[in-house]
Number of protein chains: 2
Amino acid sequence: MLMQNNHAFDHVEKTGEAIDAGQSLSCLFLSSAAEPVSAGKAICWEGDKAKHLFQVEEGVVRLHRIIGEGRRVITAFLFAGDLIGASLQNDFIFTAEAVTECKIRRMSRKSFHEEVARSEALVPAYISLLCQEAAAAHEQMVLLSKKNAEERLCSFIVKLASRRNPRPRQGLVRVPMNRQDIADHLGLTIETVSRTITKLASRNIVIPEGRHDLRIVNLPRLIQLSGDADDFSDDSCHRVKLH
Amino acid sequence: MLMQNNHAFDHVEKTGEAIDAGQSLSCLFLSSAAEPVSAGKAICWEGDKAKHLFQVEEGVVRLHRIIGEGRRVITAFLFAGDLIGASLQNDFIFTAEAVTECKIRRMSRKSFHEEVARSEALVPAYISLLCQEAAAAHEQMVLLSKKNAEERLCSFIVKLASRRNPRPRQGLVRVPMNRQDIADHLGLTIETVSRTITKLASRNIVIPEGRHDLRIVNLPRLIQLSGDADDFSDDSCHRVKLH
DNA sequence: CGCAGAGTTGAATAACGTCAATTGATGTGG
DNA sequence: CCACATCAATTGACGTTATTCAACTCTGCG
């Protein structure tokens, strides 16, 4: 569920299928106006009847659940093109909030399903999307289950980096969310996130530039530290390129 | 992805839709023979091309991934009726192994998708199944992110208990998997699982009877301790009330 | 009976969390 | 443009929880 439509690394080619999945479904939303949502504002609430699906036209969205008092889990960040609520049955099982200024399109769940059912092409696109979500959820479970703080951070940064950046300056990755968001997504505290970034910086792997940018100095090492890399691939290094 | 087709609690009614989802899809597998798989044996391997889907006819199956050396994550346990690989695109992203003696049916992924596409009724059933998996994956992410050892164990036991037990003796829950399996599913170590069960037993909440059964003595408390419970629900309140 | 594997228990340790103080960034009004 | 206020992020000291490593117990089985 983390960062849908994207694999962890650039060198894993997106299948044509996967690209179509997002894009053909996106067309359904074009008939509705793109509503602006300012940063921090909610788009839908956990527990509400899922009458609508949404599409992120622009900006970054977080999906979260709250358990107990003050325990927040961010199950996913969504980016331009992603759908909100594709995998819902009846109710929203998460709250969606704008991380940055967003433009959001909506359509009723009913007509979404009708449109999908109507078109031969959209059913596989929709199914493909659901499968991608499942794969992402799998990844996230592995991260939360067995990775330490450093591996979590590195995995997260690599995933951010592998996404086409809005402003693709050399090795500079935009981090739209704040430290608390990152912490709640990685199952850590804000302090641990901060300390871990500091440690990575001291080892000259990534260097924070302001609150919302990271310069990636040593990508191969970063990938290696993410815990997903083949331990035996000395070429895990040059296989992966940023853009 | 945890224990598909089931909600956490008995009192949460399954929707007719959800039941149909599993059952109508199951029919597709009836044409193939039920192959016996003995405990511990693999059904498919992570990384292999997903040429087949499987259905658990009988027994319990675990899905896992290995990262690094000796780190295993069990992303789900599957029970009779569940499908293995419904949410796959190309390759298996997990290894499936029999926890107990199993009977497994298979069918090619190609013909599965053809059959589903052919039938008006099966598409929504399939989509419904994928959505249930997504919801279960969400739950599991919350558990792994924000719950402590006790809450994890209690959540797990409640989920087991809410599943229709093979031998539904009063408050006795069958636990087919061993401690290591439980640990790898809950993101804990075997020792922590053991200690936590001991602690729950000393508080007279559940009592282990042999290695593979748990007697549930105080279900309301168990639910409360699982961390999912409504803090304001009537009977969790009077229990918590100060003397 | 004795062995092997699974499970439990205990003590020491490491990793992350908590609390509190400090630094740094951003934004605003003079 | 600077001074100040405010909030985000970092850093440090300390506490807690789960892990690690090791010893021991229990169970099933030949």
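Throughout, a chain's letter reflects where its sequence line sits, starting with A, and its residues are numbered from 1.
- One atom, CG of Asn178(A), and another, C1' of dC7(D), lie 11 Å apart when rounded to the nearest Å.
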ring-ring contact (aromatic ring centres under 6.0 Å, His included) between His185(B) and Phe77(B): does it pass, once the steps are laid out?
CA-CA 9 Å; His185(B) 183 54; Phe77(B) 291 109; 5.0 Å; yes
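- Distance, Met177(B) CE to dA6(C) P: 16 Å, rounded to whole Å.
- Regarding Lys199(B), its NZ atom lies at a distance of 9 Å from the P atom of dT17(D), rounded to whole Å.
- Atom CD1 of Ile182(B) and atom C1' of dA6(C) are 12 Å apart (whole Å).
- Backbone-only engagement by Leu188(B) is indicated by non-hydrogen atom pairs under 4.0 Å involving sugar-phosphate atoms exclusively.
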Nucleotide N/O to protein N/O under 3.5 Å, stretch nucleotides 9-13 of chain C:
from, atom 1, to, atom 2, distance (Å)
dT9(C), OP2, Thr198(B), OG1, 2.5
dG10(C), N7, Arg195(B), NH1, 2.8
dG10(C), O6, Arg195(B), NH2, 3.4

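- Taking the centre and axis of the six-membered ring of Phe29(A), the NZ or CZ atom of Arg106(A) falls outside the cone set by 45° and 6.0 Å.
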Taking it one step at a time, do Glu46(A) and Thr95(A) satisfy side-chain hydrogen bond (donor to acceptor under 3.5 Å, both in side chains)?
CA-CA 5 Å; Glu46(A) 178 182 355; Thr95(A) 297; 4.6 Å; no
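- The CD-C1' distance, from Glu209(B) to dG7(C), rounds to 17 Å in whole Å.
- Using a 4.0 Å cut-off between charged side-chain N and carboxylate O, Lys147(A) and Asp228(A) make a salt bridge.
- In this structure, the CD atom of Gln180(B) is 11 Å from the P atom of dT19(D), given to the nearest Å.
- As a whole-Å value, the separation of Arg71(A) CZ from dC16(C) P is 19 Å.
- Contact between the side-chain N/O atoms of Arg179(A) and the OP1/OP2 oxygens of dT10(D) is found at a separation under 4.0 Å.
- Under 3.5 Å, the side chains of Gln140(A) and Thr75(A) contain no donor-acceptor pair of N or O atoms.
- Listed nucleotides dC16(C), dT18(C), dA6(C) differ in distance to Arg211(B); the shortest reach to its side chain belongs to dA6(C).
- Nearest-nucleotide positions on DNA chain C for Ala149(A) and His212(A) put Ala149(A) closer to the 5' end.
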His64(B)/Phe94(B) under ring-ring contact (aromatic ring centres under 6.0 Å, His included): CA gap, chis, key distance, verdict
CA-CA 5 Å; His64(B) 77 249; Phe94(B) 48 73; 9.2 Å; no
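- Glu133(B) and Ser87(B) are linked by a side-chain donor-acceptor pair at a separation below 3.5 angstrom, with hydrogens and angles left out of the test.
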